[in-house]
2 protein chains.
Amino acid sequence: MPNTICAQDSSEAEAAELLQKQLIDSQTAMSLAEIFKALSDPTRLRLISLLTENEVCVHTLELVMGMTQSAVSHQLRYLRQLGIVRYRKEGRHVYYALDDEHVRMLFEQGLLHAKHR
Amino acid sequence: MPNTICAQDSSEAEAAELLQKQLIDSQTAMSLAEIFKALSDPTRLRLISLLTENEVCVHTLELVMGMTQSAVSHQLRYLRQLGIVRYRKEGRHVYYALDDEHVRMLFEQGLLHAKHR
DNA sequence: CTAACATATGAACATGTATTCATGGATAGA
DNA sequence: TCTATCCATGAATACATGTTCATATGTTAG
């Protein structure tokens with residue numbers, strides 16, 4: 001049972017003060033949004049599901065996902081630039097794997113949520 | 001230390017079979033993406049931070065956030081339609097509050113992640 | 001060296017999205 | 001009743017985003 005806050009009822013300053021403590025600042029909000037945005041696309045989530053327990057080369061991802069090489073590669077770059085996946089070159093293959101335990105936890109916790117609906 | 005999977009190295013069918021078990025289906029991916037997308041915008045995250053422990057009317061949210069009433073109301077509708085927040089009308093005021101424990105957990109866990117960078 | 005393969009990337013395109021603007025409905029107060 | 005306030009919403013706009021297309025780089029095989 002949460003507090004009810006309305007600037008009209010009590011003194012406006014008092015209500016604002018209460019809420020300002022809860023409000024996250026813009027920089028934190030943007031940083032947080034960036035993390036969740038990485039997880040907000042079905043293609044990236046499917047890629048992450050493949051990379052959570054395996055190190056997989058791009059071509060194989062392309063086959064299993066049923067997508068073009070270019071689309072896969074673009075999304076991998078996205079995840080790479082956020083530090084969510086790492087890559088390892090070996091000959092002409094490049095192997096990708098998940099490299100962020102926080103993201104792994106968010107992914108798994110979200111999966112529980114999705115099934116729990 | 002994850003397995004390395006490449007369709008060229010072992011038999012292609014074997015590698016694909018391994019990965020198909022990991023791959024989440026499209027429907028699950030879309031449902032999951034929907035949840036994370038709700039958390040992928042700084043404005044919505046700031047709203048959620050205000051509504052996690054309080055029930056707040058729209059006008060007060062407008063004041064504390066420093067945004068237009070319309071922008072706040074649009075985002076509240078977005079969260080409402082996903083069942084993330086509930087609302088309660090009382091006279092000419094409408095009070096909103098967070099109404100999804102899973103989202104609350106994802107938000108708080110993400111916040112730890114954001115600060116841990 | 002040459003051809004085939006694996007991957008990366010810039011540009012173009014179509015689509016999605018957050019905010020603003022304008023407006024309407026509902027309620028309280030004078 | 002009349003006005004001010006609170007909230008919702010459709011349309012428009014500017015911007016972000018995911019995929020495709022074309023192409024480039026680097027590596028292996030013949």
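Values reported hereafter were calculated over all heavy atoms of this structure, with side chains retained and with hydrogens, waters and symmetry mates removed. Labels below follow one simple rule: chain letters A, B, ... track the order of the sequence lines, proteins then strands, and each chain is numbered from 1. Keep in mind it's a predicted model, so treat the numbers as computed, not measured.
The phosphate of C:dT7 has neither OP1 nor OP2 within less than 4.0 Å of any side-chain N or O from A:R80. OP1 or OP2 of D:dC7 has at least one side-chain nitrogen or oxygen of B:H93 nearer than 4.0 Å.
One side chain, A:Y96 or A:R80, offers a donor N or O that lies under 3.5 Å from an acceptor on the other. A:E55 and B:T4 share a side-chain donor-acceptor pair at under 3.5 Å.
When each of B:K37 and B:E90 is assigned the nucleotide of DNA chain C with its nearest heavy atom, B:K37 is the one assigned upstream, toward the 5' end. With DNA chain C read from its 5' end, the first of the two nearest nucleotides for A:R77 and A:R92 is the one closest to A:R92.
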Distance-only check: which donor-acceptor pairs under 3.5 Å involve side-chain atoms of residues 67-75 of chain B, not counting sequence neighbours?
from: B:T68; atom 1: OG1; to: B:A71; atom 2: N; distance (Å): 3.1
from: B:H74; atom 1: ND1; to: B:R77; atom 2: NH2; distance (Å): 3.4
from: B:Q75; atom 1: OE1; to: B:R44; atom 2: NH1; distance (Å): 2.9

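Between the CZ atom of B:R46 and the C1' atom of C:dA18 there is a distance of 15 Å, given to the nearest Å. With rounding to whole Å, A:H59 atom NE2 is found 7 Å from C:dT7 atom P. Between the P atom of D:dC7 and the NZ atom of B:K89 lies a distance of 10 Å, rounded to the nearest Å. In this structure, CZ of A:R88 is placed 15 Å from C1' of C:dT7, rounded to the nearest angstrom. Atom pair B:D41:CG and D:dT17:C1' shows a separation of 14 Å (rounding to whole Å applied). Straight-line distance from the CZ atom of B:F36 to the C1' atom of C:dG16: 20 Å, rounded to whole Å. If you take CZ of A:R44 and C1' of D:dT19, they are 12 Å apart, rounded to a whole angstrom. One atom, CG of A:L76, and another, P of C:dT9, lie 11 Å apart when rounded to the nearest Å.
Nearest nucleotide to the B:Y96 side chain, out of D:dC7, D:dA8, C:dT7: D:dA8. Listed nucleotides D:dG18, D:dA8, C:dA8 differ in distance to A:Q75; the shortest reach to its side chain belongs to D:dG18. Side-chain atoms of A:C57 lie closest to C:dT7 of the nucleotides C:dT7, D:dC6, C:dA18. Checked against C:dT19, C:dA8, D:dC6, the side chain of B:T43 finds its nearest nucleotide in C:dT19.
Near DNA chain D, meaning a heavy atom under 4.0 Å from it, residues 65-74 of chain A has A:T68, A:S70, A:A71, A:H74 in order of number.
Under a 3.5 Å cut-off, the side chain of B:D100 and the backbone N or O of B:H102 do form a donor-acceptor pair.
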Would you please test A:K37 and A:E34 for salt bridge (charged side-chain N to carboxylate O under 4.0 Å, His left out) and show each step?
CA-CA 5 Å; A:K37 187 169 292 183; A:E34 191 180 60; over 6 Å; no
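When all heavy atoms of B:L32 and A:A114 are compared, the closest pair comes out as CD1-CB, 4.2 Å.
Here the CD1-CZ distance, from A:I84 to A:R86, works out to 14.0 Å after rounding to the nearest 0.5 Å.
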